[in-house]
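All remarks here apply to the structure that follows.
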Amino acid sequence: MLLTGLKIRNWQEKHYLNSKQELMSKPYSSTSLVPKILSMIFKVAVLGLFSLLIIFPFYFMISQSLTSIQWQSNKPDVTILFPRRFDEDDKIFHFENIRKALEEGYMQSLLFTSSVTLVSILVRLFFSMTLGYALSIKNWKGKKTFFTIFLALMILPEIALLSGQYKVIVTLGWQTKSWLVLSLIIPFAASIFFSFMYKNAFEAIPNSVKESAMLDGASSFRYFINIALPMVKSTTWTVAILTAFASWNSYTWPSLLISDTNSLWRPMNLWVFSTGKDASAERDGFVFVSIRMAATILAILPMFIAYFALRRRIMAAISRQGNATKG
């Protein structure tokens, strides 16, 4: 009986302590009704404001892409926030704007941009992972000096290097069409930030893993390919995803190299800014906003599809970036 009583008392004390611990871990909140209502109103107002700021540009882009071009031609001073008929027009939503944007070289620009993005991912992954692995290796001559210079270069923004990179490309003659893909990729093939991420990821791998691989007869190259790279897969996904978004959305560097915006083979961003122009001579330079908004939707559509198809992988990769995990 005594042992049973002690067990019951011990269970009651643990239950009491657990309840107090849960109470202490909860954030402080007032029990009064008025502060709770005010807090809820404040949260709804803040969330509503930021939601409006984020959603409105997408709504405006979609609504303008479905608006008749007659509004821009005959009443350019009128702002249409929702598609509606123009005078005696027989329809409200004009999906032909999307068709007109497609006919202005969308598929060629899509193929060109996809090719540049894919090659950019592969080249940046190669240089970033090899440099990061070299920096993660302990005890090699000149490592501290090289790493100090390496980190010092991180303070230089890419925009500050554009003039020097453009001079090199022009001197080599790579701004021509035959070398265009190479000139769009090579200046940004290596990334100090991504190499530093790989360095931290490789250093997070326990030394016992490499020692076990060496004891089993694995060479340094085989260890790098078969063991180290699979363990930093989350970092690889992070670098690939961020590189894809950066390459797809890049505008400044392609606009410096490609002067002929009417060419069919041009990046997606340049295609957007050359779409929707009025071909008539009497209104040279006039832009149909509806067609250009339709082109903008088509330009961002592949990235939206890629995001929703890989959203779990993207969120997992970004949340675990820099970690070394098995598999």
What residues, two or more places apart in sequence or in another chain, satisfy side chain to side chain contact (heavy atoms under 4.5 Å, CB included) together with [X]?
X    : answer
V123 : V119, F127, I185, A189
F50  : V46
I305 : L301

Shared ILVMFWY cluster between [X] and [Y], side chains joined below 4.5 angstrom?
X    : Y    : result
L162 : W174 : yes
I54  : I62  : no
F60  : I92  : yes
M303 : M107 : yes
L122 : I225 : no

Approximate separation, where rounding is to 0.5 Å, of [X] [atom1] and [Y] [atom2]:
X    : Y    : atom1 : atom2 : answer
N207 : K210 : CG    : NZ    : 8.5 Å
F196 : L131 : CZ    : CG    : 11.5 Å
Q165 : I186 : CD    : CD1   : 11.5 Å
E104 : T275 : CD    : OG1   : 5.0 Å
S39  : F42  : OG    : CZ    : 8.5 Å
I227 : D216 : CD1   : CG    : 8.0 Å

Check whether any side-chain N or O of [X] sits under 3.5 Å from a backbone N or O of [Y] as a donor-acceptor pair, and report yes or no.
X    : Y    : answer
S290 : Q64  : yes
S250 : A246 : no
S114 : L111 : no
W248 : I300 : no
S274 : W271 : yes
S109 : Y106 : no

> Quick one: salt bridge (charged side-chain N to carboxylate O under 4.0 Å, His left out) pairs with a partner in residues 145-157, sequence neighbours left out?
Replying inline: none
> For residues 188-204, which residue pairs qualify under salt bridge (charged side-chain N to carboxylate O under 4.0 Å, His left out), counting only residues two or more places apart or in two chains?
Replying inline: K199-E203
Taking all heavy atoms of [X] and all of [Y], pick out the closest pair and write down the distance.
X    : Y    : answer
I69  : F288 : CB-CD2, 3.8 Å
P57  : L52  : CD-O, 4.3 Å
S183 : I169 : CB-CG2, 3.9 Å
V232 : A201 : CG1-CB, 3.5 Å
I297 : S65  : CD1-OG, 3.4 Å
I291 : A101 : O-CB, 4.0 Å

>> Do the side chains of K100 and E96 get close enough for a salt bridge, i.e. N-O under 4.0 angstrom?
In response: no
> Between F112 and L270, does a side chain to side chain contact (heavy atoms under 4.5 Å, CB included) hold up when you go through it step by step?
Replying inline: CA-CA 12 Å; F112 183 82; L270 297 184; over 6 Å; no
>> Quick one, I121 with S247, criterion side chain to side chain contact (heavy atoms under 4.5 Å, CB included). Give me CA distance, side-chain angles, the key distance, then yes/no.
In response: CA-CA 8 Å; I121 293 173; S247 178; over 6 Å; no
> Going through the checks in order, is the side chain to side chain contact (heavy atoms under 4.5 Å, CB included) test met by T67 and M293?
Replying inline: CA-CA 10 Å; T67 302; M293 290 296 103; over 6 Å; no
Is the ring pair [X]/[Y] parallel, tilted or perpendicular, if the boundaries are 30 and 60 degrees?
X    : Y    : result
F308 : F304 : parallel
F273 : Y251 : tilted
Y198 : F202 : parallel
F224 : Y133 : tilted

>> Tell me whether the count of non-hydrogen atoms from other residues, nucleotides or ligands lying under 6.0 Å of OH in Y59 goes above 12.
In response: yes
>> I'd like to check the salt bridge (charged side-chain N to carboxylate O under 4.0 Å, His left out) partners of R222; sequence neighbours left out, ordered by chain and number.
In response: none
> With side chains defined as the heavy atoms from C-beta onward, is the minimum distance between M231 and V209 less than 4.5 Å?
Replying inline: yes
>> Before you tell me yes or no, could you show the steps for M268 and L110 under side chain to side chain contact (heavy atoms under 4.5 Å, CB included), namely the whole-Å CA-CA distance, both residues' side-chain angles and the distance that decides it to 0.1 Å?
In response: CA-CA 6 Å; M268 193 65 69; L110 177 64; 3.8 Å; yes
